[in-house]
Amino acid sequence: MLAVADRAVLRAEATPIGINYGQIADNLPSPARVSWLLRSMQVSKVKLYDADPYVLSAFLDTGVEFVVGIGNENVSAMVDPAAARAWIQRHVQPYLPSTRITCITVGNEVFKGNDTALKASLLPAMQSVYQALAALGMQGRVNVTTAHSLDIMGSSFPPSAGAFRADVVPYMQPILSFLSMARSPFLINCYPYFAYKADPGNVPLEYVLFQPNAGVTDTNTKLNYDNMLYAQVDSVYAAIQALGHTDIDVKISETGWPSRGDPDEAGATLEYAGTYIGNLLQRIEMKQGTPLRPSVPIDVYVFALFNENLKPGPASERNYGLFYPDGTPVYNVGLQGYLPPMDYSRGTRKAVHLLALILIAVASIALSLS
């Protein structure tokens, strides 16, 4: 546990961004050290792709807000109400309220693939998890949603003509009804980098990097867009509205720019990555909204905290990090943090490891008695 003085220092004004904390690597610092790093940066929102007990234990009583995830491989199992309840009892309940878990993502980019069984299981799984939270007295404290790739869009320009793919609509309509009922956000992973990489000759660099440019005007709404990210978000709002919903907030669950890539990956450079993230941070600090919703500050989780050396795919996939695994910034955008040396946190690591084992044991006992 942190001393009161430590908490006072580390709870200075929070950085208004969230950060995705991925761990597909074999050289990352321990969660205890990462906890110090993130809190020294005044980061108050972290998104995980699982519910790692060592991470959640390392952030006990810190005030950091967490999104935890149920992987695609476990979505179908969550359709069973008993399995959903067991998952909550093991991965969420033991950490509350000391670790602030505020949202569960059921699956990630499910509609990007061709697994029809997974697609069919998504909404029932979300409903089971939601009902399990309600049964355990956590309804309203923890949201339930899922994160989508922009691949769900059939059209996205102009933003006012945004529409989901025809094959996605039958799934999306009831999912939107669920999100509306549950008052949960619609999460979208937006990467202007992909658009630039696919067509660097025709996508203006200034437009994707938030640099000064004339922008693009939506001929239907007459709204002007000076960057692609905001256009992408507003196209999602339009697609949601086309299916009858105006009461669902869109949040950016991932966005980033790789600092390195393969020779055929246009734009994957240190300079462009620093420019994209630096300019994005400035927009967030201004509490800026999109042209369609100017009074609603965009809610963004940057991808990602570290470069992850075991991620498959092109080189860019392993180079989205704000930091190298040793805690050195990949580029300077003003996000300075302190990663304590290995020996400094050895005792903390042991304590966190022991605490995690205790919490898991307690959760298992509670599950067996329920």
Side-chain angles (χ1 to χ4, degrees), residues 16-17 111 145-180 183-257 275-276 279-302:
I17 60 162
F111 297 105
T145 186
T146 188
H148 301 281
S149 162
L150 267 180
D151 289 3
I152 60 173
M153 301 297 289
S155 63
S156 58
F157 194 83
S160 60
F164 296 120
R165 289 190 342 238
D167 63 298
V168 169
V169 170
Y171 298 101
M172 198 60 66
Q173 184 82 62
I175 286 175
L176 292 173
S177 296
F178 168 80
L179 294 178
S180 175
R183 298 182 179 179
S184 292
F186 189 99
L187 302 186
I188 190 78
N189 299 338
C190 294
Y191 288 90
Y193 165 70
F194 292 154
Y196 181 77
K197 172 186 172 181
D199 194 8
N202 291 308
V203 176
L205 195 58
E206 296 80 8
Y207 184 61
V208 292
L209 292 180
F210 302 96
Q211 293 177 318
N213 68 95
V216 180
T217 299
D218 187 317
T219 53
N220 298 320
T221 63
K222 308 306 179 187
L223 295 172
N224 184 263
Y225 291 84
D226 70 352
N227 71 84
M228 182 177 284
L229 184 70
Y230 288 12
Q232 290 175 335
V233 171
D234 279 357
S235 73
V236 174
Y237 270 122
I240 292 172
Q241 186 170 343
L243 293 184
H245 290 279
T246 58
D247 58 343
I248 298 172
D249 289 332
V250 176
K251 299 187 177 185
I252 302 172
S253 40
E254 289 182 20
T255 193
W257 195 286
T275 300
Y276 181 81
N279 287 338
L280 173 62
L281 290 178
Q282 287 183 10
R283 300 289 183 116
I284 295 170
E285 286 166 359
M286 292 164 58
K287 301 189 185 306
Q288 198 172 59
T290 66
L292 189 62
R293 297 206 173 186
S295 62
V296 181
I298 58 168
D299 195 341
V300 177
Y301 283 81
V302 169

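Keep in mind that the numbers below use all heavy atoms, side chains included, and drop hydrogens, waters and symmetry copies.
- Nearest heavy atoms, Ser155 versus Ala161: OG-O, 2.9 Å.
- Across Glu206 and Asn213, no two heavy atoms sit closer than the pair O-ND2, 3.6 Å.
- Interatomic distance, Tyr230 OH to Ser235 OG, rounded to the nearest 0.5 Å: 14.5 Å.
- A donor-acceptor pair under 3.5 Å links the side-chain atoms of Lys222 to the main chain of Thr219, judged by distance alone.
- Side-chain contact between Phe210 and Gln282 is absent, with no heavy-atom pair separated by less than 4.5 Å.
- We find the CG-OG1 distance between Leu229 and Thr255 to be 5.0 Å, quoted to the nearest 0.5 Å.
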*Checking side chain to side chain donor-acceptor pair (under 3.5 Å) for the pair Ser149/Asn189: CA distance, chi angles, key distance, verdict?*
CA-CA 5 Å; Ser149 162; Asn189 299 338; over 6 Å; no
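- The two residues Ser160 and Thr221 come nearest to each other via the heavy atoms CB-CG2, 3.6 Å.
- Taken from CG in Leu209 to CG in Leu280, the straight-line distance is 11.0 Å, to the nearest 0.5 Å.
- Looking at Asn227 and Arg283, their side chains come closer than 4.5 Å, going by heavy atoms from C-beta outward.
- Scanning both residues, Tyr207 and Ala231, for their nearest heavy atoms gives OH-CB, 3.7 Å.
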*Let me see the working for Leu187 and Leu179 under side-chain contact (heavy atoms from CB on, under 4.5 Å), right down to the final yes or no.*
CA-CA 11 Å; Leu187 302 186; Leu179 294 178; over 6 Å; no
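- Within the 4.5 Å cutoff, side-chain heavy atoms of Asn220 are placed close to those of Pro158.
- Residues Phe186 and His245 fail the side-chain proximity criterion, which asks for heavy atoms closer than 4.5 Å.
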*Let me see the working for Val216 and Phe157 under side-chain contact (heavy atoms from CB on, under 4.5 Å), right down to the final yes or no.*
CA-CA 10 Å; Val216 180; Phe157 194 83; 3.1 Å; yes
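- Atoms CD and OH, on Glu254 and Tyr301 in that order, are 12.0 Å from each other to the nearest 0.5 Å.
- Residues forming a salt bridge (Lys or Arg N to Asp or Glu O under 4.0 Å) with Asp151 (at least two apart in sequence, or on another chain): none.
- Taking the six-membered ring for Trp, Tyr276 and Tyr193 have ring centres at least 6.0 Å apart.
- Nearest heavy atom pair, residue Trp257 against residue Tyr196, reads CH2-CB, 4.2 Å.
- Expressed to the nearest 0.5 Å, how far CE of Met286 lies from CG of Leu281 amounts to 12.5 Å.
- Here the side chain of Asp247 pairs no donor or acceptor atom with the backbone of Ser180 at under 3.5 angstrom.
- For the side chain to side chain contact (heavy atoms under 4.5 Å, CB included) with Val236, the qualifying choice from Ile188, Ile248, Ile152 is Ile188, the only one to do so.
- Within the 4.5 Å cutoff, the side chain of Ile252 has no heavy atoms near those of the Gln232 side chain.
- When all heavy atoms of Met228 and Ala195 are compared, the closest pair comes out as SD-CB, 3.5 Å.
- Asp218 CG to Leu292 CG: the interatomic distance, rounded to the nearest 0.5 Å, is 9.0 Å.
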_Apply side-chain contact (heavy atoms from CB on, under 4.5 Å) to residues Val233 and Ile298 and explain how you reach the verdict._
CA-CA 9 Å; Val233 171; Ile298 58 168; 5.6 Å; no
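- Between Tyr171 and Phe111, the ring-plane angle classifies as tilted under the 30° and 60° cut-offs.
- The side-chain heavy atoms of Pro291 and Asn224, taken from C-beta on, include no pair separated by under 4.5 Å.
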_Walk me through whether Phe178 and Thr145 qualify under side-chain contact (heavy atoms from CB on, under 4.5 Å)._
CA-CA 9 Å; Phe178 168 80; Thr145 186; over 6 Å; no
